[in-house]
Asks: 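I have a structure I would like to understand better, so I am pasting it below and will then ask my questions one at a time.
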Amino acid sequence: METIVIAGGGVAGLELATRLGRKRGAARRVILIDSAPTHFWKPLLHSVAAGLIDPSHYHIDLARQAIESGFEFVCGEIVGIDRGARTVNVRLRRPLAHDGTASVQYDRLVLSFGSITNFFGVPGAQQHCLSLDSVGQAEAFRQRFLNACAATGGRRETFMDAGLRDPAAPLLDIVIVGAGPTGIELAADLRHTVDTLVRYRLSGLAASRQVRIRILERGPRLLAGLDPSVSALAVRKLEELGVEICTSTAVAEVGADEVRTEDGRVFPAALTVWAAGVRGPDLAITPALSVNRNNQIMVDEQLRTIDDHRIHAMGDCCSLLQPERKRMIPPSAQAARQQSGFLFELLTHAAGKTRPRFRYRDYGTLVTVGRAGTIGILLRAVGRRNLRVRGAIASIMYRMTYERYVMSHVGPLRMLGHMLARWCRSKMLMPVKWH
Ligand SMILES: Cc1cc2nc3c(=O)[nH]c(=O)nc-3n(C[C@H](O)[C@H](O)[C@H](O)COP(=O)(O)OP(=O)(O)OC[C@H]3O[C@@H](n4cnc5c(N)ncnc54)[C@H](O)[C@@H]3O)c2cc1C
(Lines give C-alpha, C1' and ligand atoms only; values in the text may rest on other atoms or scores of the structure.)
Protein backbone atom coordinates (compact mmCIF):
# COMPACT_ATOMS: atom_id res chain seq x y z
CA MET A 1 0.00 0.00 0.00
CA GLU A 2 1.35 3.42 -0.98
CA THR A 3 1.24 6.17 1.66
CA ILE A 4 0.76 9.70 0.37
CA VAL A 5 1.35 12.41 2.96
CA ILE A 6 0.01 15.89 2.23
CA ALA A 7 1.68 18.62 4.28
CA GLY A 8 -0.76 21.53 4.63
CA GLY A 9 -4.55 21.39 4.32
CA GLY A 10 -5.19 24.71 2.61
CA VAL A 11 -6.77 25.37 -0.77
CA ALA A 12 -4.48 22.95 -2.63
CA GLY A 13 -3.85 20.35 0.11
CA LEU A 14 -7.40 19.84 1.32
CA GLU A 15 -8.72 19.48 -2.20
CA LEU A 16 -6.09 16.88 -3.06
CA ALA A 17 -6.67 14.92 0.18
CA THR A 18 -10.44 14.95 -0.36
CA ARG A 19 -10.22 13.77 -3.96
CA LEU A 20 -7.60 11.09 -3.25
CA GLY A 21 -9.54 9.88 -0.21
CA ARG A 22 -12.74 9.55 -2.21
CA LYS A 23 -11.08 7.70 -5.06
CA ARG A 24 -12.18 4.11 -4.64
CA GLY A 25 -10.41 0.89 -5.48
CA ALA A 26 -6.79 1.88 -4.88
CA ALA A 27 -4.45 0.45 -2.27
CA ARG A 28 -3.52 3.85 -0.98
CA ARG A 29 -3.32 5.54 2.41
CA VAL A 30 -3.74 9.32 2.41
CA ILE A 31 -2.61 11.38 5.42
CA LEU A 32 -3.21 15.13 5.66
CA ILE A 33 -1.19 17.14 8.20
CA ASP A 34 -2.15 20.69 9.17
CA SER A 35 -1.32 22.84 12.18
CA ALA A 36 -4.93 24.07 12.33
CA PRO A 37 -7.93 21.86 13.13
CA THR A 38 -10.07 23.68 10.58
CA HIS A 39 -9.74 24.93 7.02
CA PHE A 40 -10.66 28.47 5.97
CA TRP A 41 -10.81 29.81 2.38
CA LYS A 42 -8.05 32.44 2.54
CA PRO A 43 -9.48 34.79 -0.12
CA LEU A 44 -12.11 35.76 2.48
CA LEU A 45 -9.57 36.91 5.09
CA HIS A 46 -9.97 40.60 4.26
CA SER A 47 -13.67 40.35 5.19
CA VAL A 48 -12.71 38.71 8.51
CA ALA A 49 -10.25 41.56 9.12
CA ALA A 50 -12.99 44.12 8.51
CA GLY A 51 -15.45 42.23 10.74
CA LEU A 52 -17.87 41.59 7.87
CA ILE A 53 -17.86 37.83 8.32
CA ASP A 54 -17.45 35.56 11.30
CA PRO A 55 -14.83 32.95 10.33
CA SER A 56 -16.48 30.25 12.46
CA HIS A 57 -19.38 30.26 9.98
CA TYR A 58 -17.01 29.43 7.12
CA HIS A 59 -14.75 26.78 8.61
CA ILE A 60 -14.47 23.26 7.29
CA ASP A 61 -13.60 20.89 10.15
CA LEU A 62 -10.66 18.80 8.97
CA ALA A 63 -11.38 15.83 11.29
CA ARG A 64 -14.92 15.53 9.91
CA GLN A 65 -13.77 16.03 6.34
CA ALA A 66 -11.22 13.25 6.83
CA ILE A 67 -13.77 10.73 8.10
CA GLU A 68 -16.31 11.58 5.40
CA SER A 69 -13.81 11.58 2.55
CA GLY A 70 -11.64 8.61 3.49
CA PHE A 71 -8.31 10.13 4.48
CA GLU A 72 -6.51 10.44 7.81
CA PHE A 73 -5.91 13.76 9.51
CA VAL A 74 -3.02 14.65 11.82
CA CYS A 75 -3.31 17.99 13.60
CA GLY A 76 0.19 19.31 14.10
CA GLU A 77 2.95 21.53 12.81
CA ILE A 78 5.44 20.09 10.37
CA VAL A 79 8.91 20.81 11.72
CA GLY A 80 11.17 18.76 9.51
CA ILE A 81 11.62 16.14 6.81
CA ASP A 82 14.06 13.27 6.85
CA ARG A 83 14.45 12.47 3.16
CA GLY A 84 16.64 9.44 3.83
CA ALA A 85 14.17 7.80 6.21
CA ARG A 86 11.19 9.23 4.24
CA THR A 87 9.53 10.69 7.31
CA VAL A 88 7.88 13.97 8.18
CA ASN A 89 8.42 15.20 11.74
CA VAL A 90 5.36 16.75 13.31
CA ARG A 91 4.86 18.70 16.55
CA LEU A 92 1.37 17.54 17.45
CA ARG A 93 -1.27 20.10 18.38
CA ARG A 94 -4.21 17.91 19.19
CA PRO A 95 -7.03 19.90 20.76
CA LEU A 96 -8.35 16.89 22.73
CA ALA A 97 -5.15 15.01 23.52
CA HIS A 98 -1.70 15.65 24.89
CA ASP A 99 0.68 17.34 22.53
CA GLY A 100 3.85 15.57 21.56
CA THR A 101 5.83 14.72 18.46
CA ALA A 102 5.24 12.18 15.74
CA SER A 103 7.12 10.86 12.79
CA VAL A 104 4.91 10.18 9.78
CA GLN A 105 6.24 7.79 7.13
CA TYR A 106 5.62 8.54 3.44
CA ASP A 107 6.13 6.96 0.05
CA ARG A 108 5.11 10.20 -1.66
CA LEU A 109 5.09 13.57 0.02
CA VAL A 110 3.12 16.58 -1.24
CA LEU A 111 4.10 19.93 0.27
CA SER A 112 1.31 22.51 0.29
CA PHE A 113 1.94 24.71 3.29
CA GLY A 114 1.14 28.01 1.55
CA SER A 115 2.94 31.30 1.99
CA ILE A 116 3.50 34.18 4.37
CA THR A 117 3.73 37.93 3.82
CA ASN A 118 6.87 39.17 2.10
CA PHE A 119 8.06 42.45 3.62
CA PHE A 120 10.94 42.65 1.11
CA GLY A 121 13.31 43.73 3.91
CA VAL A 122 11.70 47.18 4.24
CA PRO A 123 12.90 48.56 7.61
CA GLY A 124 10.21 48.45 10.30
CA ALA A 125 7.67 46.68 8.07
CA GLN A 126 7.68 43.31 9.80
CA GLN A 127 7.72 44.95 13.22
CA HIS A 128 4.95 47.50 12.70
CA CYS A 129 2.70 46.20 9.92
CA LEU A 130 -0.22 43.88 10.27
CA SER A 131 -0.64 41.17 7.67
CA LEU A 132 -3.36 38.73 6.66
CA ASP A 133 -1.82 35.28 6.46
CA SER A 134 -4.20 33.46 8.77
CA VAL A 135 -7.57 33.72 10.50
CA GLY A 136 -5.75 34.54 13.75
CA GLN A 137 -3.99 37.51 12.13
CA ALA A 138 -7.21 38.72 10.48
CA GLU A 139 -9.05 38.54 13.83
CA ALA A 140 -6.18 40.40 15.55
CA PHE A 141 -6.44 43.11 12.90
CA ARG A 142 -10.22 43.38 13.43
CA GLN A 143 -9.74 43.92 17.16
CA ARG A 144 -7.10 46.59 16.68
CA PHE A 145 -9.10 48.32 13.97
CA LEU A 146 -12.30 48.45 16.06
CA ASN A 147 -10.37 49.58 19.15
CA ALA A 148 -8.71 52.33 17.10
CA CYS A 149 -12.11 53.50 15.80
CA ALA A 150 -13.55 53.51 19.33
CA ALA A 151 -10.56 55.39 20.76
CA THR A 152 -10.69 57.93 17.92
CA GLY A 153 -14.43 58.42 18.39
CA GLY A 154 -13.81 59.08 22.09
CA ARG A 155 -11.14 61.64 21.25
CA ARG A 156 -13.43 63.33 18.74
CA GLU A 157 -16.10 63.83 21.38
CA THR A 158 -13.51 65.51 23.62
CA PHE A 159 -12.37 67.79 20.76
CA MET A 160 -15.97 68.66 19.94
CA ASP A 161 -16.72 69.52 23.57
CA ALA A 162 -13.74 71.81 23.57
CA GLY A 163 -14.72 73.22 20.13
CA LEU A 164 -11.22 72.50 18.87
CA ARG A 165 -11.61 70.50 15.74
CA ASP A 166 -13.47 70.40 12.41
CA PRO A 167 -15.93 67.50 12.93
CA ALA A 168 -15.36 66.18 9.39
CA ALA A 169 -11.53 66.23 9.45
CA PRO A 170 -9.76 62.84 9.26
CA LEU A 171 -8.85 61.61 12.72
CA LEU A 172 -7.71 58.07 12.11
CA ASP A 173 -5.32 57.01 9.36
CA ILE A 174 -5.14 53.51 7.97
CA VAL A 175 -2.47 52.74 5.38
CA ILE A 176 -2.58 49.68 3.16
CA VAL A 177 0.64 48.86 1.34
CA GLY A 178 -0.02 47.12 -1.98
CA ALA A 179 -2.79 47.66 -4.53
CA GLY A 180 -3.38 44.08 -5.61
CA PRO A 181 -6.77 42.42 -5.11
CA THR A 182 -6.16 41.92 -1.35
CA GLY A 183 -5.32 45.58 -0.68
CA ILE A 184 -8.25 46.83 -2.73
CA GLU A 185 -10.80 44.44 -1.25
CA LEU A 186 -9.59 45.21 2.27
CA ALA A 187 -9.83 48.98 1.72
CA ALA A 188 -13.40 48.67 0.42
CA ASP A 189 -14.44 46.35 3.28
CA LEU A 190 -12.94 48.67 5.91
CA ARG A 191 -14.91 51.59 4.49
CA HIS A 192 -18.06 49.50 4.71
CA THR A 193 -17.31 48.69 8.36
CA VAL A 194 -16.70 52.32 9.29
CA ASP A 195 -19.99 53.30 7.57
CA THR A 196 -21.75 50.68 9.71
CA LEU A 197 -20.08 51.86 12.93
CA VAL A 198 -21.28 55.39 12.19
CA ARG A 199 -24.79 54.29 11.20
CA TYR A 200 -25.29 52.20 14.34
CA ARG A 201 -23.51 54.77 16.56
CA LEU A 202 -21.08 52.14 17.75
CA SER A 203 -18.14 54.52 18.13
CA GLY A 204 -18.01 58.25 18.70
CA LEU A 205 -17.23 58.79 14.98
CA ALA A 206 -19.59 61.32 13.39
CA ALA A 207 -18.76 60.61 9.75
CA SER A 208 -17.20 57.75 7.87
CA ARG A 209 -14.58 60.04 6.29
CA GLN A 210 -13.10 60.68 9.73
CA VAL A 211 -11.30 57.42 9.08
CA ARG A 212 -8.92 58.03 6.19
CA ILE A 213 -7.97 54.92 4.22
CA ARG A 214 -4.98 55.15 1.89
CA ILE A 215 -3.48 52.61 -0.45
CA LEU A 216 0.23 53.01 -1.29
CA GLU A 217 1.40 51.22 -4.42
CA ARG A 218 4.95 51.05 -5.75
CA GLY A 219 3.87 50.49 -9.37
CA PRO A 220 2.22 53.01 -11.69
CA ARG A 221 -1.28 51.52 -11.38
CA LEU A 222 -3.61 49.36 -9.30
CA LEU A 223 -4.15 45.69 -10.12
CA ALA A 224 -0.98 45.58 -12.18
CA GLY A 225 -1.65 42.09 -13.54
CA LEU A 226 -5.03 43.02 -15.02
CA ASP A 227 -6.19 44.98 -18.02
CA PRO A 228 -5.57 48.78 -17.58
CA SER A 229 -9.31 49.45 -18.09
CA VAL A 230 -10.08 47.28 -15.01
CA SER A 231 -7.48 49.25 -13.02
CA ALA A 232 -9.11 52.52 -14.08
CA LEU A 233 -12.52 51.22 -13.04
CA ALA A 234 -11.12 50.12 -9.65
CA VAL A 235 -9.73 53.62 -9.10
CA ARG A 236 -13.15 55.17 -9.83
CA LYS A 237 -14.92 52.73 -7.50
CA LEU A 238 -12.43 53.28 -4.67
CA GLU A 239 -12.66 57.05 -5.05
CA GLU A 240 -16.46 56.76 -4.77
CA LEU A 241 -15.82 55.09 -1.42
CA GLY A 242 -13.42 57.83 -0.36
CA VAL A 243 -10.31 55.65 -0.45
CA GLU A 244 -7.16 57.60 -1.37
CA ILE A 245 -4.76 55.95 -3.80
CA CYS A 246 -1.09 56.85 -4.15
CA THR A 247 0.56 55.02 -7.05
CA SER A 248 4.30 55.16 -7.88
CA THR A 249 4.84 55.39 -4.14
CA ALA A 250 7.48 53.03 -2.79
CA VAL A 251 7.59 52.53 0.96
CA ALA A 252 11.05 53.12 2.42
CA GLU A 253 10.37 52.60 6.12
CA VAL A 254 7.51 51.86 8.47
CA GLY A 255 7.32 53.30 11.97
CA ALA A 256 4.90 52.74 14.85
CA ASP A 257 2.59 55.50 13.64
CA GLU A 258 3.81 56.58 10.21
CA VAL A 259 4.96 55.31 6.82
CA ARG A 260 7.87 56.97 5.02
CA THR A 261 8.25 56.73 1.28
CA GLU A 262 11.34 56.74 -0.94
CA ASP A 263 10.45 60.18 -2.30
CA GLY A 264 10.45 61.65 1.23
CA ARG A 265 6.74 61.79 2.01
CA VAL A 266 5.44 60.82 5.44
CA PHE A 267 1.98 59.31 5.86
CA PRO A 268 0.52 59.15 9.37
CA ALA A 269 -0.73 55.63 10.10
CA ALA A 270 -2.39 54.36 13.25
CA LEU A 271 -2.60 50.99 11.52
CA THR A 272 -0.49 49.81 8.59
CA VAL A 273 -1.36 46.65 6.67
CA TRP A 274 1.17 45.01 4.38
CA ALA A 275 -0.51 43.39 1.37
CA ALA A 276 2.32 43.58 -1.13
CA GLY A 277 3.54 40.09 -1.87
CA VAL A 278 4.20 36.65 -0.45
CA ARG A 279 7.10 34.29 0.20
CA GLY A 280 7.54 30.71 1.30
CA PRO A 281 7.38 30.14 5.06
CA ASP A 282 10.61 29.78 7.05
CA LEU A 283 10.23 26.09 7.78
CA ALA A 284 13.11 23.96 8.90
CA ILE A 285 12.30 21.62 5.99
CA THR A 286 13.06 24.02 3.21
CA PRO A 287 16.87 23.87 3.63
CA ALA A 288 16.58 20.25 2.51
CA LEU A 289 15.17 21.41 -0.84
CA SER A 290 16.14 24.03 -3.42
CA VAL A 291 14.20 27.27 -3.10
CA ASN A 292 14.04 30.51 -5.11
CA ARG A 293 14.85 33.93 -3.61
CA ASN A 294 11.31 34.11 -2.21
CA ASN A 295 11.89 30.87 -0.33
CA GLN A 296 9.46 28.95 -2.57
CA ILE A 297 10.35 25.35 -3.40
CA MET A 298 11.48 24.86 -6.99
CA VAL A 299 9.54 22.20 -8.88
CA ASP A 300 9.59 20.74 -12.39
CA GLU A 301 6.62 20.55 -14.77
CA GLN A 302 5.28 17.49 -12.94
CA LEU A 303 5.35 19.50 -9.72
CA ARG A 304 8.18 17.34 -8.39
CA THR A 305 10.85 19.08 -6.34
CA ILE A 306 14.02 19.30 -8.36
CA ASP A 307 15.99 17.55 -5.58
CA ASP A 308 13.72 14.60 -4.83
CA HIS A 309 11.15 13.10 -7.17
CA ARG A 310 9.24 11.48 -4.32
CA ILE A 311 8.41 14.95 -3.02
CA HIS A 312 5.97 17.22 -4.82
CA ALA A 313 5.06 20.82 -3.99
CA MET A 314 2.02 22.81 -5.07
CA GLY A 315 0.24 26.08 -4.32
CA ASP A 316 1.87 29.19 -2.92
CA CYS A 317 4.87 27.32 -1.46
CA CYS A 318 6.18 26.24 -4.89
CA SER A 319 7.84 28.06 -7.73
CA LEU A 320 7.33 27.14 -11.40
CA LEU A 321 7.88 29.13 -14.58
CA GLN A 322 5.15 29.36 -17.23
CA PRO A 323 7.39 28.72 -20.26
CA GLU A 324 5.12 30.35 -22.84
CA ARG A 325 4.68 33.56 -20.82
CA LYS A 326 8.16 33.56 -19.25
CA ARG A 327 6.56 34.45 -15.92
CA MET A 328 6.23 32.58 -12.66
CA ILE A 329 2.85 31.05 -11.89
CA PRO A 330 1.19 33.55 -9.54
CA PRO A 331 0.40 32.57 -5.94
CA SER A 332 -3.37 32.34 -6.19
CA ALA A 333 -6.21 30.06 -5.22
CA GLN A 334 -6.85 29.53 -8.92
CA ALA A 335 -3.32 28.19 -9.51
CA ALA A 336 -3.39 26.15 -6.27
CA ARG A 337 -6.59 24.39 -7.36
CA GLN A 338 -5.27 23.65 -10.85
CA GLN A 339 -2.07 22.21 -9.39
CA SER A 340 -4.03 20.07 -6.97
CA GLY A 341 -6.14 18.75 -9.90
CA PHE A 342 -2.97 17.96 -11.85
CA LEU A 343 -1.40 16.07 -8.95
CA PHE A 344 -4.61 14.14 -8.38
CA GLU A 345 -4.41 12.87 -11.97
CA LEU A 346 -0.71 12.19 -11.69
CA LEU A 347 -0.92 10.30 -8.41
CA THR A 348 -3.93 8.23 -9.43
CA HIS A 349 -2.81 7.78 -13.06
CA ALA A 350 -6.42 8.68 -13.99
CA ALA A 351 -7.13 6.68 -17.13
CA GLY A 352 -6.49 8.65 -20.28
CA LYS A 353 -6.32 11.90 -18.33
CA THR A 354 -2.76 12.07 -17.14
CA ARG A 355 -1.07 15.08 -18.64
CA PRO A 356 2.67 14.93 -19.12
CA ARG A 357 3.24 18.36 -17.63
CA PHE A 358 1.39 20.98 -15.67
CA ARG A 359 0.18 24.00 -17.62
CA TYR A 360 -1.40 26.91 -15.81
CA ARG A 361 -4.41 28.54 -17.40
CA ASP A 362 -5.39 31.97 -16.13
CA TYR A 363 -9.18 32.27 -16.35
CA GLY A 364 -9.15 35.88 -15.16
CA THR A 365 -9.67 37.75 -11.92
CA LEU A 366 -12.67 39.18 -10.09
CA VAL A 367 -12.23 41.86 -7.44
CA THR A 368 -14.98 43.03 -5.15
CA VAL A 369 -14.91 46.70 -4.19
CA GLY A 370 -17.39 46.48 -1.31
CA ARG A 371 -20.66 48.31 -1.90
CA ALA A 372 -19.26 49.77 -5.12
CA GLY A 373 -19.64 46.31 -6.71
CA THR A 374 -17.47 43.66 -8.29
CA ILE A 375 -15.27 44.14 -11.33
CA GLY A 376 -12.95 41.92 -13.26
CA ILE A 377 -11.86 40.30 -16.43
CA LEU A 378 -12.49 36.81 -17.82
CA LEU A 379 -9.66 35.72 -20.08
CA ARG A 380 -10.45 34.07 -23.41
CA ALA A 381 -14.10 33.90 -22.38
CA VAL A 382 -15.49 34.34 -25.91
CA GLY A 383 -13.21 32.42 -28.26
CA ARG A 384 -9.86 34.13 -27.80
CA ARG A 385 -11.39 37.38 -26.64
CA ASN A 386 -11.32 38.62 -23.05
CA LEU A 387 -14.50 39.82 -21.39
CA ARG A 388 -14.69 42.61 -18.85
CA VAL A 389 -17.40 42.03 -16.24
CA ARG A 390 -19.02 44.21 -13.61
CA GLY A 391 -22.30 44.68 -11.78
CA ALA A 392 -24.65 41.89 -10.70
CA ILE A 393 -23.16 39.26 -13.01
CA ALA A 394 -19.66 39.86 -11.65
CA SER A 395 -20.94 39.76 -8.04
CA ILE A 396 -22.73 36.46 -8.61
CA MET A 397 -19.67 34.96 -10.28
CA TYR A 398 -17.48 36.12 -7.39
CA ARG A 399 -19.77 34.51 -4.81
CA MET A 400 -20.15 31.35 -6.84
CA THR A 401 -16.36 30.85 -6.88
CA TYR A 402 -16.50 30.27 -3.13
CA GLU A 403 -19.75 28.28 -3.14
CA ARG A 404 -18.48 25.95 -5.87
CA TYR A 405 -15.33 25.42 -3.87
CA VAL A 406 -17.36 24.52 -0.77
CA MET A 407 -19.57 22.23 -2.88
CA SER A 408 -16.53 20.31 -4.12
CA HIS A 409 -15.74 19.48 -0.48
CA VAL A 410 -19.10 18.99 1.23
CA GLY A 411 -21.50 18.31 -1.65
CA PRO A 412 -24.42 20.37 -3.02
CA LEU A 413 -26.91 19.83 -0.17
CA ARG A 414 -24.62 20.95 2.62
CA MET A 415 -23.36 23.82 0.48
CA LEU A 416 -26.98 25.01 0.07
CA GLY A 417 -27.49 24.53 3.84
CA HIS A 418 -24.46 26.74 4.55
CA MET A 419 -25.73 29.40 2.13
CA LEU A 420 -29.16 29.42 3.73
CA ALA A 421 -27.70 29.58 7.26
CA ARG A 422 -25.52 32.54 6.27
CA TRP A 423 -28.48 34.33 4.69
CA CYS A 424 -30.59 33.81 7.85
CA ARG A 425 -27.76 35.10 10.04
CA SER A 426 -27.34 38.15 7.83
CA LYS A 427 -31.01 38.98 8.49
CA MET A 428 -30.69 38.54 12.26
CA LEU A 429 -27.21 39.68 13.26
CA MET A 430 -25.36 42.99 13.07
CA PRO A 431 -23.66 43.57 9.70
CA VAL A 432 -20.32 43.93 11.53
CA LYS A 433 -18.83 41.64 14.14
CA TRP A 434 -18.13 44.45 16.62
CA HIS A 435 -17.69 42.56 19.91
C1 LIG B 1 -6.50 38.22 2.02
C2 LIG B 1 -6.27 37.30 0.83
C3 LIG B 1 -7.08 37.38 -0.29
C4 LIG B 1 -6.87 36.55 -1.38
N5 LIG B 1 -7.70 36.64 -2.46
C6 LIG B 1 -7.53 35.80 -3.50
C7 LIG B 1 -8.42 35.82 -4.62
O8 LIG B 1 -9.35 36.63 -4.66
N9 LIG B 1 -8.21 34.96 -5.64
C10 LIG B 1 -7.19 34.04 -5.61
O11 LIG B 1 -7.05 33.24 -6.57
N12 LIG B 1 -6.34 33.99 -4.58
C13 LIG B 1 -6.48 34.84 -3.52
N14 LIG B 1 -5.61 34.79 -2.46
C15 LIG B 1 -4.49 33.85 -2.50
C16 LIG B 1 -4.94 32.44 -2.10
O17 LIG B 1 -5.65 32.46 -0.90
C18 LIG B 1 -3.72 31.55 -1.98
O19 LIG B 1 -3.00 31.61 -3.19
C20 LIG B 1 -4.13 30.10 -1.73
O21 LIG B 1 -4.79 30.00 -0.48
C22 LIG B 1 -2.89 29.21 -1.73
O23 LIG B 1 -3.28 27.90 -1.42
P24 LIG B 1 -2.24 26.92 -0.70
O25 LIG B 1 -2.95 25.61 -0.57
O26 LIG B 1 -0.95 26.96 -1.39
O27 LIG B 1 -1.99 27.55 0.73
P28 LIG B 1 -3.02 27.90 1.89
O29 LIG B 1 -4.40 27.93 1.41
O30 LIG B 1 -2.46 29.11 2.54
O31 LIG B 1 -2.87 26.68 2.89
C32 LIG B 1 -1.68 26.39 3.58
C33 LIG B 1 -2.02 25.44 4.71
O34 LIG B 1 -0.82 24.94 5.27
C35 LIG B 1 -0.90 24.94 6.68
N36 LIG B 1 0.45 25.06 7.21
C37 LIG B 1 1.34 26.05 7.00
N38 LIG B 1 2.50 25.78 7.62
C39 LIG B 1 2.34 24.58 8.23
C40 LIG B 1 3.18 23.77 9.04
N41 LIG B 1 4.45 24.09 9.35
N42 LIG B 1 2.69 22.61 9.51
C43 LIG B 1 1.41 22.22 9.22
N44 LIG B 1 0.57 22.96 8.45
C45 LIG B 1 1.04 24.12 7.97
C46 LIG B 1 -1.79 26.14 6.99
O47 LIG B 1 -2.42 25.97 8.27
C48 LIG B 1 -2.80 26.10 5.83
O49 LIG B 1 -3.93 25.35 6.16
C50 LIG B 1 -5.81 35.61 -1.36
C51 LIG B 1 -4.98 35.53 -0.22
C52 LIG B 1 -5.21 36.36 0.86
C53 LIG B 1 -4.31 36.24 2.07
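Values below: all heavy atoms of this structure, side chains included; hydrogens, waters and symmetry mates excluded. Just follow the structure's listing: the first ligand is 1, and inside any ligand the first atom is 1. Model, not experiment: these values are computed from the prediction.
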Asks: Report the nearest protein non-hydrogen atom to atom 43 (C) of ligand 1: residue, atom name, distance rounded to 0.1 Å.
Replies: Ser35 N, 3.3 Å
Asks: Can you list the ligand 1 atoms lying under 4.0 Å from a non-hydrogen atom of Gly76?
Replies: 42 (N), 43 (C)
Asks: Does ligand 1 have any atom sitting under 4.0 Å from a heavy atom of Pro181?
Replies: no
Asks: Looking at ligand 1, does Pro281 have a heavy atom less than 4.0 Å from it?
Replies: no
Asks: So among Arg108, Arg310, Arg29, which one has a salt bridge (Lys or Arg N to Asp or Glu O under 4.0 Å) with Glu2?
Replies: Arg108
Asks: In terms of atom number and element, which parts of ligand 1 are under 4.0 angstrom from non-hydrogen atoms of Gln334?
Replies: 11 (O)
Asks: So if I count the atoms of ligand 1 from 1 in the order they appear, which ones are less than 4.0 Å from some heavy atom of Leu132?
Replies: 53 (C)
Asks: When you compare ligand 1 with Leu366, is there at least one nitrogen or oxygen pair between them that comes in under 3.5 angstrom?
Replies: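 No; the residue has no nitrogen or oxygen that sits under 3.5 Å from a nitrogen or oxygen of the ligand.
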Asks: Could you list which atoms of ligand 1 come closer than 4.0 Å to a heavy atom of Ser112?
Replies: 32 (C), 33 (C), 34 (O)
Asks: Counting distance only, does the side-chain N/O of Gln65 pair as donor-acceptor with the main-chain N or O of His409 below 3.5 Å?
Replies: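 Checking the backbone N and O of His409 against the side chain of Gln65, a donor-acceptor pair under 3.5 Å is found.
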Asks: Which pairs with one or both residues in residues 375-391 pass side chain to side chain donor-acceptor pair (under 3.5 Å), sequence neighbours excluded?
Replies: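 Pairs touching residues 375-391 that pass the test: Ser229-Arg388.
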Asks: Classify the ring geometry between His39 and Tyr405 as parallel (under 30°), tilted (30 to 60°) or perpendicular (over 60°).
Replies: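 Answer is tilted, since the angle falls between 30° and 60°.
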Asks: Would you call Glu68 and Arg64 a salt bridge, using N to O less than 4.0 angstrom?
Replies: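 A salt bridge links Glu68 with Arg64.
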Asks: Just to confirm my output: which protein heavy-atom neighbour is closest to atom 49 (O) of ligand 1, and how far is it?
Replies: Asp34 OD2, 2.6 Å
Asks: Note the single closest protein heavy atom to atom 22 (C) of ligand 1, along with its residue, its atom name and the distance in Å.
Replies: Asp316 OD1, 3.2 Å
Asks: Backbone, side chain, both or neither: what part of Val11 comes under 4.0 angstrom of ligand 1, heavy atoms only?
Replies: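 Both backbone and side chain.
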Asks: Polar-atom distance check: Glu77 versus ligand 1, any N or O pair below 3.5 Å?
Replies: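 No, no N or O pair falls under 3.5 Å.
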Asks: Under 3.5 Å, side chain of Asn89 to main-chain N/O of Val79, donor-acceptor pair present?
Replies: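 No: the side chain of Asn89 does not pair with the backbone of Val79.
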Asks: Would you kindly specify which portion of Ala333 sits under 4.0 Å from ligand 1, judged on non-hydrogen atoms: side chain, backbone, both or neither?
Replies: both
Asks: Look at atom 1 (C) of ligand 1 and say which protein heavy atom is nearest, naming residue and atom and giving the distance to 0.1 Å.
Replies: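 Closest protein heavy atom to atom 1 (C) of ligand 1: Thr182 CG2, 3.4 Å.
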Asks: On the 0 to 90° scale, with breaks at 30° and 60°, tag the Phe342-Phe358 ring pair as parallel, tilted or perpendicular.
Replies: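 Perpendicular: the ring planes of Phe342 and Phe358 meet at over 60°.
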Asks: To which protein heavy atom is atom 52 (C) of ligand 1 closest, and what is the distance rounded to 0.1 Å?
Replies: Lys42 O, 3.8 Å
Asks: What atoms of ligand 1 come within less than 4.0 Å of a heavy atom belonging to Gly114?
Replies: 26 (O), 27 (O), 30 (O), 32 (C)
Asks: Are the charged groups of Asp99 and Arg91 less than 4.0 angstrom apart, N to O?
Replies: no
Asks: Does Asp173 use its side chain to pair, donor to acceptor, with the backbone of Ala270 at less than 3.5 Å?
Replies: no
Asks: Using a strict cut-off of 4.0 Å, indicate which atoms of ligand 1 neighbour a heavy atom of Pro331.
Replies: 19 (O)
Asks: Checking the side chain of Glu253 only, and the main-chain atoms of Pro123 only, is there a donor and an acceptor separated by less than 3.5 Å?
Replies: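 Judged by distance alone, no pair lies under 3.5 Å.
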Asks: Provide the number and element of each atom of ligand 1 under 4.0 Å from a heavy atom of Gly315.
Replies: 26 (O)
Asks: Counting each atom of ligand 1 from 1 as listed, which ones have a heavy atom of Ala336 under 4.0 Å away?
Replies: 23 (O)
Asks: Under a 3.5 Å cutoff, is there a donor and acceptor pairing between the side chains of Asp195 and Ser208?
Replies: yes
Asks: Please list the nearest protein heavy atom to atom 31 (O) of ligand 1 with its residue and the distance rounded to 0.1 Å.
Replies: Gly10 CA, 3.1 Å
Asks: Considering only protein heavy atoms, which is closest to atom 36 (N) of ligand 1, and at what distance to one decimal place?
Replies: Phe113 CB, 3.9 Å
Asks: Please, which pairs that meet side chain to side chain donor-acceptor pair (under 3.5 Å) have at least one residue in residues 230-242, sequence neighbours excluded?
Replies: Arg221-Ser231
Asks: Tell me which protein heavy atom sits closest to atom 40 (C) of ligand 1, plus the residue, atom name and distance to 0.1 Å.
Replies: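 Atom 40 (C) of ligand 1 sits closest to the protein heavy atom Ile78 N, 3.7 Å.
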Asks: So, is Tyr398 polar-close to ligand 1, with some N/O to N/O distance under 3.5 Å?
Replies: no
Asks: Should the pair Arg425-Asp54 be classified as a salt bridge under the 4.0 Å nitrogen-to-oxygen rule?
Replies: no
Asks: Give a yes or no on whether the backbone of Phe119 and the side-chain of Gln126 come within a donor-acceptor separation of less than 3.5 Å.
Replies: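 No.
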Asks: Have a look at Ala12, Pro43, Pro330 and point out the one with the heavy atom closest to atom 7 (C) of ligand 1.
Replies: Pro43
